[in-house]
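Note that the structure is a prediction, hence the values are computed from the model and not measured.
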Amino acid sequence: QVQVAESGGGLVQAGGSLRLSCAASGRIFSSYFMGWFRQNPGKEREFVAAISGRGGMPDYAGSVKGRFTISRDNAKNTVYLQMNSLKPEDTAVYYCAAASIGGRIDAESTYDYWGQGTQVTVSS
């Protein structure tokens with residue numbers, strides 16, 4: 001079993017940057033596909049980015065491609081989401097998730113373990 005916990009959220013002005021971190025427990029962290037999702041009240045949770053166990057094959061939602069970068073450090077059991085050129089529409093609770101088996105990396109159902117989320121607020 002894996003436990004994940006996000007950190008790094010906060011309030012930032014439009015055009016600014018934030019880096020989210022997700023610390024995971026477990027001895028085989030490198031075997032898990034890791035993803036970031038986000039959600040606003042009253043809306044469905046949406047895919048943001050994902051990365052394979054060894055750090056290859058990053059994938060992004062179209063709305064963040066070119067602005068966000070997902071990376072991981074398996075020695076530290078941590079995955080990161082660097083967010084640049086933030087926009088007010090990026091405001092959401094951001095969730096980290098871990099997937100132990102294959103599936104669509106942009107689908108919530110693929111992921112087995114979820115964190116509690118961290119709030120990101122981008123002011124205009």
Side-chain angles (χ1 to χ4, degrees):
Q1 190 169 355
V2 174
Q3 292 182 326
V4 295
E6 307 90 342
S7 62
L11 174 64
V12 63
Q13 288 188 332
S17 299
L18 278 177
R19 188 176 81 157
L20 304 183
S21 298
C22 173
S25 65
R27 294 174 294 174
I28 52 173
F29 174 69
S30 61
S31 68
Y32 287 86
F33 223 98
M34 300 297 295
W36 286 96
F37 289 74
R38 64 188 183 186
Q39 187 174 26
N40 276 307
K43 294 187 177 181
E44 293 187 354
R45 192 147 47 184
E46 64 173 354
F47 170 74
V48 175
I51 191 167
S52 66
R54 296 194 179 276
M57 298 174 56
D59 195 26
Y60 301 93
S63 59
V64 307
K65 193 171 293 185
R67 300 187 298 120
F68 291 12
T69 302
I70 188 171
S71 62
R72 65 190 296 161
D73 184 340
N74 286 342
K76 296 182 178 180
N77 279 19
T78 302
V79 63
Y80 304 97
L81 185 68
Q82 177 66 44
M83 306 185 295
N84 298 329
S85 301
L86 282 161
K87 304 175 181 179
E89 51 263 45
D90 294 317
T91 295
V93 176
Y94 283 71
Y95 296 90
C96 175
S100 59
I101 60 175
R104 282 186 52 185
I105 61 171
D106 61 345
E108 281 189 71
S109 58
T110 298
Y111 295 85
D112 308 291
Y113 307 104
W114 292 82
Q116 294 299 308
T118 185
Q119 176 71 47
V120 171
T121 303
V122 184
S123 62
S124 57

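Phe37 is not listed as a side-chain neighbour of Val93, based on a closest heavy-atom distance of 4.5 Å or more. For the pair Phe68/Trp36, no side-chain contact is recorded, criterion being any heavy-atom separation below 4.5 Å from C-beta on. With a 4.5 Å cut-off on side-chain heavy atoms, Val12 and Met83 do not count as touching. Between Lys87 and Arg67, the closest side-chain pair of non-hydrogen atoms falls below 4.5 Å. Asp73 is listed as a side-chain neighbour of Tyr80, based on a closest heavy-atom distance under 4.5 Å. At least one side-chain heavy atom of Tyr95 sits under 4.5 Å from a side-chain heavy atom of Arg45.
Side chain of Gln82 to main chain of Thr69: no donor-acceptor pair is present (N/O by atom type, distance under 3.5 Å, no hydrogens or angles). Within the 3.5 Å criterion, the main-chain N or O of Ser100 finds a donor-acceptor partner in the side chain of Asp112. Counting only distance, with no hydrogens or angles, the side chain of Thr110 and the backbone of Arg104 share a donor-acceptor pair below 3.5 Å. Of the possible polar contacts, none joining the Gln116 side chain to the Ala5 backbone as a donor-acceptor pair under 3.5 Å is found.
The heavy-atom pair separating Gly35 from Tyr111 by the smallest distance is N-CE2, 3.6 Å. Nearest heavy atom pair, residue Val4 against residue Cys96, reads CG2-O, 3.7 Å. The two residues Phe29 and Val79 come nearest to each other via the heavy atoms CZ-N, 4.3 Å. Pairing each heavy atom of Ala14 with each of Ser124, the nearest pair is CB-CA, 4.3 Å.
The number of heavy-atom neighbours closer than 6.0 Å to CD1 of Ile28, taken from other residues, nucleotides and ligands shown, is 12 or below.
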Side-chain polar contacts of residues 16-26 - donor-acceptor pairs under 3.5 angstrom, sequence neighbours left out - could you list them?
unit_1: Ser17; atom_1: OG; unit_2: Asn84; atom_2: OD1; d: 2.9
unit_1: Ser25; atom_1: OG; unit_2: Gln3; atom_2: N; d: 2.9

Using a 3.5 Å cut-off and no angle test, enumerate the donor-acceptor pairs between side-chain atoms of residues 46-61 and protein atoms at least two apart in sequence or in another chain.
unit_1: Glu46; atom_1: OE2; unit_2: Arg38; atom_2: NE; d: 2.6
unit_1: Glu46; atom_1: OE2; unit_2: Arg38; atom_2: NH2; d: 3.3
unit_1: Ser52; atom_1: OG; unit_2: Gly56; atom_2: N; d: 3.0
unit_1: Ser52; atom_1: OG; unit_2: Gly56; atom_2: O; d: 2.6
unit_1: Tyr60; atom_1: OH; unit_2: Ile70; atom_2: N; d: 2.9

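The CG atom of Asn74 sits 9.5 Å away from the CE atom of Met34 when rounded to the nearest 0.5 Å. In this structure, Gln119 CD and Thr91 OG1 are separated by 7.0 Å, a value rounded to the nearest 0.5 Å.
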